[in-house]
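In what follows, every heavy atom counts, from backbone to side chain, and hydrogens, waters and symmetry copies are set aside.
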Amino acid sequence: MPLMKSYILLVMAVFSFFASIAQEALDYTTDIIPVLDKNCYSCHNTGNPKGGVNLKIYEEEGRVIKDGQFWLKVLDQIKSKEMPPSSKPELNDNEYHTLLNGINGILIKSLEKRTPGKVIIRRLSHTEYHYTVLDLTGVSFDAMNRFPADGSGGGGFDNQGGSLFFTPLKMERYYDAAEEIVTSLYEDLEKWSDLVPESYHQNIWERFINWLMPKISSNFKPLNPPEKAAEKVLFPFASKAYRRLLKSEEKEKFIDLFNTVYYSLPEEPNPQKFNKSIAEVFKAILISPSFLYKMEEEPLGPAPIALGDFELATRLSYFLWSSMPDDELFDLAMKGKLQAPGEIENQVKRMLNDPKSERFSESFVSQWLGINKLKDDNAPLADLVRFPEFTPSIREAMFKETTSFFHYVMTESKNFLDLINSDYAFLNEELADYYGIEGVEGDDFKKVMLANNSRGGFLGLGSVQAVTSLPTRTSPVLRGKWVLEEILGTSPPPPPPDVAELPEDESLHEDLGLKALLEKHREDPACQSCHEKMDPLGLGLENFGADGKWRESYGNTPIDPTGVLTSGETFAGPAELKALLMKEKEKFARNISKKTLSYAIGRGTTFTDEIAIRELSDSLIENDFNPDKFVTALVQSYPFRMKIKDFQKRVNEVD
């Protein structure tokens with residue numbers, strides 16, 4: 001009953017949402033174009049596309065819909081009143097609402113017929129391969145350092161289908177990996193017996209009868225045949241590896257391969273003969289596309305359909321565990337009960353409480369924040385000559401600090417707003433001493449309450465401060481851009497091609513300070529508009545050096561961490577800056593929603609995901625940024641639960 005009530009309320013809310021949009025519907029040609037002509041075309045036209053933006057080419061509503069993602073950015077600029085720029089007349093109230101409601105109405109109406117996104121057929125990322133092999137066999141294989149590096153896809157994550165290319169070199173490495181994994185498994189009696197629990201052999205009588213009877217009868221069925229024993233081992237293993245039930249032709253191929261190997265070893269005694277044959281089939285399974293790829297059966301018709309239970313189990317497990325479904329998920333899928341009322345909520349809660357959810361925390365947050373550079377010895381981070389205490393051990397500790405903090409927020413504090421501003425951090429003794437925080441002992445990372453609010457949240461992490469700096473100094477521009485993109489989900493335009501770099505003269509930095517240097521830099525009109533957004537955010541974090549330590553001055557010059565945002569709000573230092581960022585709940589909620597959805601479905605988000613992103617953002621705000629409720633809403637969202645045939649063709653069509 002509660003589920004039905006929730007469903008009715010959801011339908012009513014969606015109906016009301018579209019009804020309100022319909023009331024605001026305005027005609028693109030007669031209502032919207034005149035406002036664009038008056039306020040925008042003078043700068044954004046074919047002959048003068050300022051910032052590379054030409055709005056005049058959008059002569060019909062259909063063109064706006066086709067470039068929906070771009071027009072969402074236009075809406076953001078209008079909503080925040082960043083456009084028109086301060087040098088141009090402001091929009092009056094009627095013009096503001098005409099553009100905002102009119103364009104929004106066009107875009108939302110175009111999405112009434114929902115599209116979930118393309119069928120996901122993508123290779124396991126190196127992280128996913130490592131954990132899948134570990135959970136399947138118990139063997140820990142270092143895929144990240146043994147396989148050629150993958151890039152990151154449209155969402156900035158390494159599990160994106162668009163970046164998981166397959167090359168001859170990768171195929172060769174997969175063959176080598178399968179050989180190494182199975183050999184390691186075969187040589188470990190405990191691990192081998194977990195997968196091959198019974199030691200196969202034929203007694204003397206069985207061997208004699210199996211030798212004699214084929215000479216007498218062509219219909220004789222062998223006693224205790226090895227292939228029957230092999231089925232009990234191979235079929236469960238392959239089914240787990242393929243994340244689904246096996247097809248009859250696959251079973252036949254496994255047994256054919258087993259028999260080929262088994263009967264090619266006439267002199268080998270059992271159980272070695274049996275085990276070696278099993279091992280060869282294991283290798284074949286580990287190089288099969290059904291193992292290396294996450295495949296979903298393409299729908300027969302053009303309409304969107306729901307995922308099957310095994311497909312949903314796989315999406316859930318790779319989202320939250322970076323690995324294959326466990327026995328409980330597999331059993332629910334096999335019984336067709338995974339999508340029963342309330343079961344998804346139960347599974348999300350169970351999976352987040354499982355230690356394997358730490359894999360999600362590490363993989364997701366490290367890529368979101370860009371701190372994987374800490375694990376790259378060649379990354380251009382704080383120079384050891386200038387910052388001798390920024391050792392590999394400290395870099396590793398900063399990485400662990402970040403992932404431990406995020407996992408605690410996910411599973412204990414239950415409030416994503418702590419990511420912006422918290423009164424605690426996760427430290428061990430070494431890192432606490434490095435930061436100058438007293439009273440922390442031991443090598444284990446633990447929750448530490450902070451004496452002041454400068455260090456809490458993402459902006460107080462040494463990892464973030466290090467990866468947003470240059471090797472010899474901090475960079476307020478990089479840090480400000482990072483805050484805009486990774487916290488607020490907005491991006492400044494790229495710098496002009498002939499923009500001048502800040503001088504690297506160390507004496508200038510010590511005498512003037514970066515704030516004064518950046519003020520001179522902003523005197524160039526081509527640089528001013530972007531730097532007005534980025535610089536104050538970065539300068540508010542200047543007390544953190546390139547090595548993540550707190551400091552009060554640049555040599556002779558005291559650091560001035562005060563700033564003014566484009567909204568006119570003022571702050572002094574990281575604590576007050578974070579307090580202002582806490583007001584940007586809508587932007588932060590949207591950013592988390594986009595990033596997590598992209599990670600969960602393995603592709604960059606597109607315009608067709610807009611309704612889902614808005615629903616997830618609303619869910620976060622309505623539920624006080626609770627991670628459990630957010631993840632539950634995400635795995636029940638349209639893009640996560642549905643699939644469609646030939647998505648790419650449909651999304652590019654314009655009527």
Between [X] (side chain) and [Y] (backbone), is there a donor-acceptor pair under 3.5 Å?
X: Arg395; Y: Lys375; value: no
X: Ser264; Y: Val261; value: yes
X: Ser288; Y: Ala284; value: no
X: Asn623; Y: Ser619; value: yes
X: Asn210; Y: Glu206; value: yes
X: Ser317; Y: Ser323; value: yes
X: Arg122; Y: Lys294; value: no
X: Ser357; Y: Leu352; value: yes

Do other residues, nucleotides or ligands put more than 12 heavy atoms under 6.0 Å from [X] [atom1]?
X: Glu249; atom1: CD; value: yes
X: Leu300; atom1: CG; value: no
X: Lys373; atom1: NZ; value: no
X: Glu198; atom1: CD; value: no
X: Tyr175; atom1: OH; value: no
X: Asp443; atom1: CG; value: no
X: Ile204; atom1: CD1; value: no

Residues in side chain to side chain contact (heavy atoms under 4.5 Å, CB included) contact with Glu311, at least two apart in sequence or another chain: Glu296, Glu297, Leu307, Lys643
ring-ring contact (aromatic ring centres under 6.0 Å, His included) pairs, two or more places apart, involving residues 321-357: Phe310-Phe330
Kindly give the heavy-atom pair with the smallest separation between [X] and [Y], and that separation in Å.
X: His201; Y: Asn270; result: CA-CB, 4.1 Å
X: Thr137; Y: Leu185; result: O-CD1, 3.5 Å
X: Phe157; Y: Lys595; result: CE1-O, 3.4 Å
X: Ile285; Y: Phe291; result: O-CB, 3.3 Å
X: Gln339; Y: Asp309; result: NE2-OD1, 3.4 Å
X: Arg243; Y: Pro325; result: CG-CD, 3.4 Å

Asp150/Arg123 under salt bridge (charged side-chain N to carboxylate O under 4.0 Å, His left out): CA gap, chis, key distance, verdict: CA-CA 11 Å; Asp150 287 326; Arg123 178 171 55 78; 2.9 Å; yes
Test log, rule salt bridge (charged side-chain N to carboxylate O under 4.0 Å, His left out), inputs Arg350 and Glu345: CA-CA 9 Å; Arg350 178 181 75 88; Glu345 292 93 324; over 6 Å; no
Reference residue Leu286; test side chain to side chain contact (heavy atoms under 4.5 Å, CB included); the match among Val281, Leu292, Leu136: Leu136
Are any non-hydrogen side-chain atoms of [X] and [Y] less than 4.5 angstrom apart?
X: Val631; Y: Met351; answer: no
X: Asp609; Y: Tyr638; answer: no
X: Asp331; Y: Met334; answer: yes
X: Ile344; Y: Leu338; answer: yes

Could you tell me whether [X] and [Y] have a side-chain N and a carboxylate O separated by less than 4.0 Å?
X: Glu610; Y: Arg614; result: yes
X: Lys283; Y: Glu280; result: yes
X: Glu180; Y: Arg146; result: yes
X: Asp327; Y: Lys240; result: yes
X: Asp628; Y: Lys414; result: yes
X: Glu231; Y: Lys251; result: no

[X] [atom1] to [Y] [atom2] distance, which is reported to the nearest 0.5 Å:
X: His407; Y: Met410; atom1: NE2; atom2: CE; answer: 8.0 Å
X: Thr411; Y: Glu358; atom1: OG1; atom2: CD; answer: 8.0 Å
X: Glu227; Y: Ser277; atom1: CD; atom2: OG; answer: 11.0 Å
X: Ser199; Y: Phe274; atom1: OG; atom2: CZ; answer: 9.0 Å
X: Ser617; Y: Ile592; atom1: OG; atom2: CD1; answer: 9.0 Å
X: Asn428; Y: Phe445; atom1: CG; atom2: CZ; answer: 3.5 Å

Tyr174/Phe166 under ring-ring contact (aromatic ring centres under 6.0 Å, His included): CA gap, chis, key distance, verdict: CA-CA 11 Å; Tyr174 282 126; Phe166 212 97; 5.7 Å; yes
Mind checking whether [X] and [Y] have parallel, tilted or perpendicular rings, split at 30° and 60°?
X: Phe258; Y: Tyr262; value: parallel
X: Phe364; Y: Phe406; value: tilted
X: Phe141; Y: Tyr129; value: perpendicular

Verdict with reasoning, Asp67 to Phe607, per side chain to side chain contact (heavy atoms under 4.5 Å, CB included): CA-CA 8 Å; Asp67 284 350; Phe607 173 57; over 6 Å; no
Aromatic centroids of Phe625 and Phe416 separated by under 6.0 Å: no
Within 45° cone and under 6.0 Å: Lys400 NZ/CZ vs Phe426 ring: no
Axial cation check for Phe147 ring with Lys170, 6.0 Å and 45° limits: no
Arg641 vs Val635, side chain to side chain contact (heavy atoms under 4.5 Å, CB included): CA-CA, chis, key distance, verdict: CA-CA 7 Å; Arg641 295 287 293 274; Val635 301; 5.6 Å; no
Candidate pair Tyr599 and Phe360, rule ring-ring contact (aromatic ring centres under 6.0 Å, His included), full reasoning: CA-CA 10 Å; Tyr599 180 90; Phe360 164 74; 5.6 Å; yes
Where at least one partner belongs to residues 255-269, residue pairs that pass salt bridge (charged side-chain N to carboxylate O under 4.0 Å, His left out), sequence neighbours excluded: Glu268-Lys276
Between Thr127 and Ser125: side-chain donor-acceptor atoms closer than 3.5 Å: no
